[in-house]
Each structure stands twice: as structure tokens, then as C-alpha cells.
Protein chains: 2
Amino acid sequence: MIESDNRSTGSVYEMIRDDIVSGRLEPNARLKIAELALRYRTSTNPVREALQQLRGEDFVQMEPNRGARVRPIDEAFVRDIIEIEVLLEPALTKWFVSIANEADIAELEAVQAQIEENDFADRVRHGELDTRFHQLIYDRHYNRHASELWWKHREVLRAISRRFATSLSRRQAVLREHRTLIAALRAQDAEGAAAIVAQHVEGSGRHIIEQMGAAKRIIPRRSPA
Amino acid sequence: MIESDNRSTGSVYEMIRDDIVSGRLEPNARLKIAELALRYRTSTNPVREALQQLRGEDFVQMEPNRGARVRPIDEAFVRDIIEIEVLLEPALTKWFVSIANEADIAELEAVQAQIEENDFADRVRHGELDTRFHQLIYDRHYNRHASELWWKHREVLRAISRRFATSLSRRQAVLREHRTLIAALRAQDAEGAAAIVAQHVEGSGRHIIEQMGAAKRIIPRRSPA
DNA sequence: AGTAGAAAAATCATACATGATCTATTCCGC
DNA sequence: GCGGAATAGATCATGTATGATTTTTCTACT
């Protein structure tokens with residue numbers, strides 16, 4: 001246990017989930033019931049239930065009689081998610097083109113301005129802004145399922161990204177693609193916007209996977225359970 | 001409670017899930033913990049945990065202090081799932097084209113022969129065969145995430161379908177599309193196969209939604225909670 | 001290294017306290 | 001008497017606690 005936390009706000013589920021997504025609980029970390037119960041100042045029952053819910057959401061893996069672990073995230077996992085996002089996000093974007101009004105696009109531009117102003121200096125802030133940028137596009141979709149699926153994937157990817165810095169070339173690509181996307185949206189070019197988003201997602205995935213590969217070569221990997 | 005079940009095989013989670021997917025627990029049915037504990041001959045703790053896991057998988061909905069219900073399934077829900085499948089399944093199919101060998105296609109044809117032989121006479125059997133048909137295509141995909149997502153959606157859709165009969169025109173379309181799909185796969189025509197699958201999924205979704213609409217007009221709907 | 005035994009941990013079963021919600025009856029003003 | 005508000009009791013979800021049992025994990029010894 002890293003820190004004996006005594007936050008008392010929010011459900012146990014939310015707190016554990018938060019700790020996983022934010023990285024305070026590392027990938028593959030063992031999640032002992034008694035320990036978590038202490039950490040979140042509850043009894044074991046809520047912890048068990050939270051873990052089961054997280055298991056259902058695939059944030060946690062469980063083996064019979066061997067308890068729970070934070071879902072270990074490897075390159076294949078990221079690739080899988082990205083492949084789905086490459087399909088999903090362009091489709092969500094296309095629909096956004098048909099409903100976006102001037103105010104929506106102005107808001108996108110405002111966020112983009114903040115992203116450029118921050119210019120990757122504050123990594124956490126960039127993550128938040130970038131998420132908000134895409135969320136503006138996806139969150140209003142009528143397909144709640146698709147939108148929530150995106151969000152779930154997003155959170156996982158963000159949890160990974162926060163461990164790595166963004167390469168210079170990737171920074172450039174991100175800014176460029178965001179700008180191009182805004183232009184396409186403004187021009188009501190659904191196909192163009194979708195194509196850029198696909199490229200954006202793919203690039204993001206490739207970047208993360210490369211970083212993971214690089215990190216693995218430096219940090220000696222724990223034997224995987 | 002309909003039946004006092006005393007099956008003792010499998011985890012409580014599996015049994016509840018099974019009862020939901022198979023329809024023994026109706027959509028929107030209230031899931032009382034004490035009742036389920038009796039039904040599955042366990043204590044309340046495993047039931048509570050199973051419900052949380054199912055909640056994470058979205059088979060069950062929960063409201064604070066008001067317990068759990070079997071996820072009510074409406075047209076919007078089906079539409080959402082289908083929209084995702086329209087993206088997912090063609091992509092999975094394309095990949096299948098690149099790895100399928102003669103034996104794979106022969107197996108598809110064998111299943112298709114059984115489907116045609118059964119000719120929708122036994123509804124449950126048709127559901128099984130149809131699932132197996134598509135499973136042959138998707139299950140070997142390297143993207144476990146996508147494959148599992150398909151499977152989850154499939155189970156839900158099957159649970160709905162089993163309540164309705166298949167219209168004559170839909171029967172024809174299913175058989176035709178399966179045959180065309182096999183032909184495209186054999187011809188290594190990835191794009192063609194993908195297009196047919198997209199059409200197949202969309203048609204299936206449309207059919208289900210129509211059936212649901214029709215049923216609603218006959219069966220007076222319970223006030224939705 | 002391999003292993004026996006100890007400690008830790010998961011899992012399940014109860015029992016109970018508390019508080020929210022639902023139901024149905026009572027009660028009041030009209 | 002009638003409709004609706006107030007309320008008392010039943011029902012249920014949720015959290016806590018504790019013990020039994022089994023499996024896994026750790027530790028110390030050969």
C-alpha cells in the first residue's frame with residue numbers, strides 16, 4: 001500500500017476506479033480486499049462489490065481464489081481498443097457534423113486555443129483539455145452506448161498516456177490534426193472529418209504503443225503473474 | 001419468483017446471467033437479493049457481488065437504495081447496439097477473409113446447411129446455429145476486445161429475438177445474405193463480404209425493432225418504472 | 001532448490017443495524 | 001361521504017461484523 005488514504009467522499013467503487021484510472025493503483029497491482037477496506041475505511045463487503053463491478057467493466061481482472069488485480073495493460077490491449085476507436089470515432093464525428101452549430105465549433109476552437117497555449121507543458125492539463133476537445137464532439141451523440149464505450153476507452157488510454165511524455169512529432173501531429181478537424185467540421189465535410197479522426201486515433205494509438213515498447217526496454221518488466 | 005430453482009452448478013453470477021440472457025428473468029424484472037439467494041441456494045453475499053458484476057457488464061441496472069433490475073431493453077437500446085455492430089462486424093469480417101482457409105469456409109457451409117435444413121422451424125435451434133455461423137467468423141479474431149464486445153451484444157440481441165418470430169421476408173433475407181457472404185468469403189472479396197455483413201446486421205436490427213414496435217402495440221406496456 | 005508448516009487471503013455463510021422506499025391505513029378539511 | 005395528506009409498518013438495500021472453510025502465498029528449514 002502506497003498511502004493510507006482516508007478520503008470519505010464518493011462510493012468505494014468510484015474511489016477505486018479513480019485510483020486505477022489515475023494510476024495511483026498501478027497496472028497489475030494486486031487488490032487485496034482487506035487492504036482496500038482499510039484504505040477506503042469501509043468494511044469488506046462494499047469493496048468486494050466494487051471490485052466485481054469493476055471486473056464487469058474490465059478495469060479489474062479476477063482469478064478464482066486468487067483475488068483481483070488492476071487490469072494489466074499491454075500493447076495488444078491498447079491496439080485492441082484503438083482498433084475499435086478507429087471504427088467508432090469517425091462514425092460519431094460524422095454525426096456531429098450534421099448537428100454542430102456555430103457555437104459548438106467556437107467552443108472547440110476555444111479548447112483548442114487552450115491546448116495550444118498550454119503546448120504540452122502541463123501533461124495532466126493537456127490530457128484534460130484533449131479529452132474535453134473530443135468529448136465536445138462525442139458526448140452529445142444520441143447513441144449513448146457508443147458514447148459511453150468511447151469514454152471508457154478514453155479513460156483507459158488516458159491512464160496509460162499519463163505515464164509517458166509526448167514526442168515532439170506527435171505534438172505537432174496532434175495540433176495539426178485538431179486544426180484540420182475543426183476546419184472540416186466548419187466546412188460540413190463529414191467524410192473529411194471522419195478521415196482525419198481516424199488518422200488522429202490511429203496516430204495516438206501508434207504513439208502510445210511505441211512509448212510502451214520503449215519503456216519496456218528500459219524498465220525491467222515484472223514477471224507477469 | 002417463477003420457479004424455485006435448485007441448480008447448483010456454476011457460479012451465482014453465471015446462473016443469473018444465464019437466466020437473464022435466456023429470458024427466464026424478464027426485462028425490467030426486479031432482482032431482489034434475498035429472493036435470488038433463495039433461488040440459487042446461496043447466501044446474500046454472492047448474489048450481491050454477482051449483481052454488481054452484471055451491472056458492470058450492463059446486464060443489470062441499479063438505482064441507489066432501490067436495488068437491481070434486469071436491464072430493460074427498448075428500441076433505442078437495440079438501435080445503439082446495432083449501430084456499433086454495423087461498424088464492428090464488417091471490420092471483423094474483413095480480417096477473417098485474410099485468414100480463412102478452405103476448412104473454415106467448409107465449416108461455415110456446414111452450419112449454413114443446418115440452418116437451411118431447420119428453416120426457422122425450431123426458433124431456439126435457429127438462434128444457436130446463426131450464432132455459431134457468425135461466431136466462426138468472429139471468434140478467432142486477434143482483437144479479443146472486439147470479439148468479446150460482439151459476443152456481449154450478440155447475447156443481448158439473442159435474448160430479445162427469442163421473444164419474436166422471424167418474418168417470412170426476413171427469413172429469406174437471412175438465408176440469401178448468408179449464402180452471399182459465403183460466396184464473397186470464398187472469393188476473397190473482403191470489401192464485398194464487409195458490405196454484406198453491414199447489410200445483414202442492419203437488416204437484423206431493423207427487423208428486431210419492428211417486432212418490438214409491433215409487440216408494444218399489442219401487449220399493453222407496463223409503466224416503465 | 002525443494003518442501004513443510006505458518007500466515008495470509010478469498011470465499012461463503014450468518015446475523016444485525018440503519019436508513020430509504022413502498023404500502024396501506026388513518027385522519028383531516030371540505 | 002370524499003379526496004388527499006399524513007403516518008405507521010412492512011419491505012428492502014446497504015453497510016458492518018464475525019466465524020468457518022478452503023486455497024494461496026510466504027517463510028524458514030533441510
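In the text below, chain A, chain B and the rest are named by the order of the sequence lines, each starting its count at 1.
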Query raised in the report: Would you say B:His134 and B:His200 make side-chain contact, with heavy atoms under 4.5 Å?
Result: yes

Query raised in the report: Can B:Lys152 and B:Asp58 be counted as an ion pair, charged N to O under 4.0 angstrom?
Result: no

**Report entry** Nucleotide D:dA13, atom P - distance to CD of B:Glu49 in whole Å
**Finding:** 16 Å

Report task. Calculate, to the nearest 0.5 Å, the distance between atoms CG and CD1 belonging to B:Asp104 and B:Ile99 respectively. Result -> 6.5 Å

Query - Atom-pair distance (CD1 on A:Ile33; P on D:dT18), nearest Å - result: 18 Å

Query raised in the report: Within this structure, what is the CZ-to-C1' distance between B:Arg48 and C:dT11, rounded to whole angstrom?
Result: 14 Å

Query - Under-4.0 Å side-chain N/O to phosphate OP1/OP2 contact, A:Arg66 with D:dT25 - result: yes

Requested in this report: Map A:Ser43 and A:Pro64 onto DNA chain D by nearest heavy atom, then report which one ends up closer to the 5' terminus.
Outcome: A:Ser43

Query - B:Pro46 or B:Arg30, whichever maps to the more 5' nucleotide of DNA chain C - result: B:Pro46

Report task. Take atom CG of B:Asn45 and atom C1' of D:dG19, then tell me their distance rounded to the nearest Å. Result -> 13 Å

Query raised in the report: Separation of B:Leu51 atom CG from D:dC12 atom P, in whole Å?
Result: 15 Å

Query raised in the report: Between A:Lys32 (NZ) and C:dA10 (C1'), how many Å, whole number?
Result: 12 Å

Query raised in the report: Can you check the B:Gln52 CD to C:dT11 C1' distance for me, whole Å?
Result: 17 Å

Query raised in the report: Given atom CG of B:Leu31 and atom P of D:dC12, what is their separation to the nearest angstrom?
Result: 13 Å

Query raised in the report: In terms of ring plane angle, is the pair B:His178 and B:Phe133 parallel, tilted or perpendicular, where the classes change at 30° and 60°?
Result: parallel

Query raised in the report: With a 4.0 Å cut-off on heavy atoms, is A:Thr42 in touch with a base, just the backbone sugar-phosphate, or nothing at all?
Result: sugar-phosphate

